[in-house]
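Following: one structure in structure tokens, then a few remarks.
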Amino acid sequence: MSEERQSMDVDIVCVGFGPAMGGFLSTLARDPDPNLQVVCYERADDIGFGVSGAVTRARGIRASFPDLDPAEIPMAAAVRHEKIAYLLDPIGASRRAPSRRSKTLRAADKLLRLLRLPRGDAFMQAFELPWTPPFLRKDGGLLLSIGQFMQWTGAQAMSSGAVQIWPGMPVSEALVEDGRVVGVRLLDQGTDREGHPDAGYMPGMDLHAALTVVGDGPVGAVGRQLDALFGLPGGHHQHEWAVGAKMVVDLREGVDLEPGTVFHTFGYPEPEIFGFFYVHPGRVASVGIFVPSWFHNPARTSYRYLQHYMLHPYLWRYLEGGKLRSWGAKSLQEAGKRGEPSLAGDGYARIGECSGSTNVLTGSGVDEAWTTGIQLAEAVKELRAAGKPFTKANLEETYVARRRASWVEAEGRVAEKARDGFHHGVVTGLLGMALAGATKGRFSIAGEPQLLPNLEEYYRGKLTPADIDEVRHQCYGRGVAMHDALMDRCGWPAVPHDGQLLMSQQDALLLGGKVQAPAGYADHVTFLYPDFCERCATKLCIEMCSGQALTPGPNGVPLFDREKCVFCGACLWNCRQPLDDDPVRTNVAFRAGAGGLHSTEN
Ligand SMILES: Cc1cc2nc3c(=O)[nH]c(=O)nc-3n(C[C@H](O)[C@H](O)[C@H](O)COP(=O)(O)OP(=O)(O)OC[C@H]3O[C@@H](n4cnc5c(N)ncnc54)[C@H](O)[C@@H]3O)c2cc1C
Ligand code: SF4
Ligand code: SF4
């Protein structure tokens, strides 16, 4: 072990191996350039770490692999049937709870119940839309496990010899000299939890490169470093996000859904929560929900809601008797085009979700991310052929110009304001989405993010401040979040754990993926101003933590357990204590880190 920082020169260094980088490296690998050394670092312990749905129109993926046969990729299928269903509340809990199930929604529920009665029990609690709006359709698309797909993609790219992909290697930061990105620094190893040198200390290597490609997703430390350094273009913001949680399930024998079947749902377990159920080959399904930033519940939880979601009769008719294979959670940057940073600068370019490519109207991020990767790779080839350097101007003329002329940009513009109406409530939000979709983004319903209520405000009329204090006292005394107890008190039934599919969050972590937390790395979740945490009554970071890695600490500052952290990034978004000097940043410092959930099926 050396205590001196090593350095190495390469031509292109890449941060993160998600779909965006898959598109980039696959395009370079198709036409290998023996004089170009390309190295990609992925922080997770496997190149198939990704957590995603994923159903995708796959336009970019098919452009990269024109002869693609889904049967070549484990768990992949062509999209066959798509349905959108509005789920009624079968247990009355989300209506009894102080959710925002408005009068309009309740009236609609009543009417739909009457309409659906003749269709039999299983259907009684859901209303299938008679058709799927064109902007949501994934005709001709693919249903994938993003983990399996990334492993397949990685193997293809590396077998060309043109690129190297190194998992288990987090990039700590971009190296910036005089406003130019000159490469990256890998994370120090052999440190204590605070990052100080410890036994076996090895400073992270510096990689100097002519081009640094940043595709580190919604919570990547390098992307956020560049945002902090160079700022977002005027009027852009990243206030919209969601946390997605999913399970991969072995369906019981006899469930004869055709692979490629896709259900999208809304309405339950809370009106604000969208869900999905996708069928892979081999009687395997992916089932998951998205908890969005505009859901005004200050004690929200994705894990408990996911279980109630699966228990909805519309889905349970398929899931009953099923067995958990895998579990995962991950953030989504949903600001899309409006959150777009500078796409290129001297020595660097941004691709994928960290570059604002995700489309919230079409519910699609994989195809967009992949395609931005292709666009950058084509630009790289063009610049290399012309012998031009990777300057901001040259990257804008090639990469950014390609992107601006593409469907990613055109559809991103249509989606830009599509979901603003949700800030006024679910019905307004759905109308706004339909309006934006029907008018190709010319019209939508405006809305601004609202302040999150505190627990007392949110539960007014259901629980008294004294009830809430009691729950807080009991839960914090046991070192657990409050959401379960609050939901119980509001009438949500207990989840009937069966140890197969319905189980405690910790059991899901053990059975559904196992967290990897290699020793010798600093904690990646820390708090910038611990005194903010001491004064913070809501502690949404703890409530929303996907791995129960954040728990109430003795002095009000949450405790972080790296061995339970699935690296979903939910704490970063869900801390609702904006900093005085920077209202966009929160009190959670979410740094580069190793490990996270090991599950290649998500
Ligand atoms: C539950 C869920 C369901 C979804 N369903 C769908 C769907 O059905 N269809 C669809 O199109 N999209 C879906 N999405 C969105 C889609 O997954 C994303 O838009 C897409 O993965 C973005 O790709 P990306 O390559 O830009 O980023 P990511 O997939 O986030 O990849 C970024 C990679 O960078 C790595 N990384 C981060 N920081 C570092 C660092 N410092 N050093 C090294 N590596 C780093 C990460 O580990 C990660 O592997 C879903 C997302 C979720 C969470
Ligand atoms: S990190 Fe944010 S949400 Fe969590 S306790 Fe601190 S201030 Fe509150
Ligand atoms: S601590 Fe880890 S598991 Fe918990 S919310 Fe943050 S990133 Fe997710």
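Below, all heavy atoms of this structure are taken into account, side chains as well, without hydrogens, waters or symmetry copies. All ligand and atom numbering here is 1-based and tracks the order in the structure.
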Go through ligand 3 atom by atom and flag the ones less than 4.0 Å from a non-hydrogen atom of G569. 7 (S), 8 (Fe)
Provide, to 0.1 Å, the distance between atom 3 (S) of ligand 3 and the closest protein heavy atom, together with that atom's residue and name. V566 N, 3.4 Å
Measure the distance from atom 12 (N) of ligand 1 to every protein heavy atom, then report the residue, atom name and distance (to 0.1 Å) of the closest one. G365 N, 3.2 Å
My understanding is that we take every heavy atom of each candidate and find the minimum distance to atom 30 (O) of ligand 1. Doing that for E334, K330, M150, which one comes out nearest? K330
Output the distance between atom CZ (F295) and atom OH (Y305), rounded to the nearest 0.5 Å. 3.5 Å
Between A20 and ligand 1, does any nitrogen or oxygen pair lie at a separation below 3.5 Å? yes
Atoms in ligand 1 flagged as close to S364, the criterion being non-hydrogen separation under 4.0 Å: 10 (C), 11 (O)
Could you list the atoms of ligand 3 found under 4.0 angstrom from a heavy atom of G547? 3 (S)
Determine, considering heavy atoms only, which of G16, G215, G22 sits nearest to atom 32 (C) of ligand 1. G215
Look at C545 and state whether any of its N, O or S atoms is less than 2.8 Å from atom 4 (Fe) of ligand 3. yes
Specify the protein heavy atom at minimum distance from atom 2 (Fe) of ligand 3: its residue, its atom name, and the distance to 0.1 Å. C565 SG, 2.3 Å
Give the atoms of ligand 3, by number and element, whose distance to some non-hydrogen atom of L550 is under 4.0 Å. 1 (S)
Any side-chain donor-acceptor pair under 3.5 Å between S64 and W370? yes
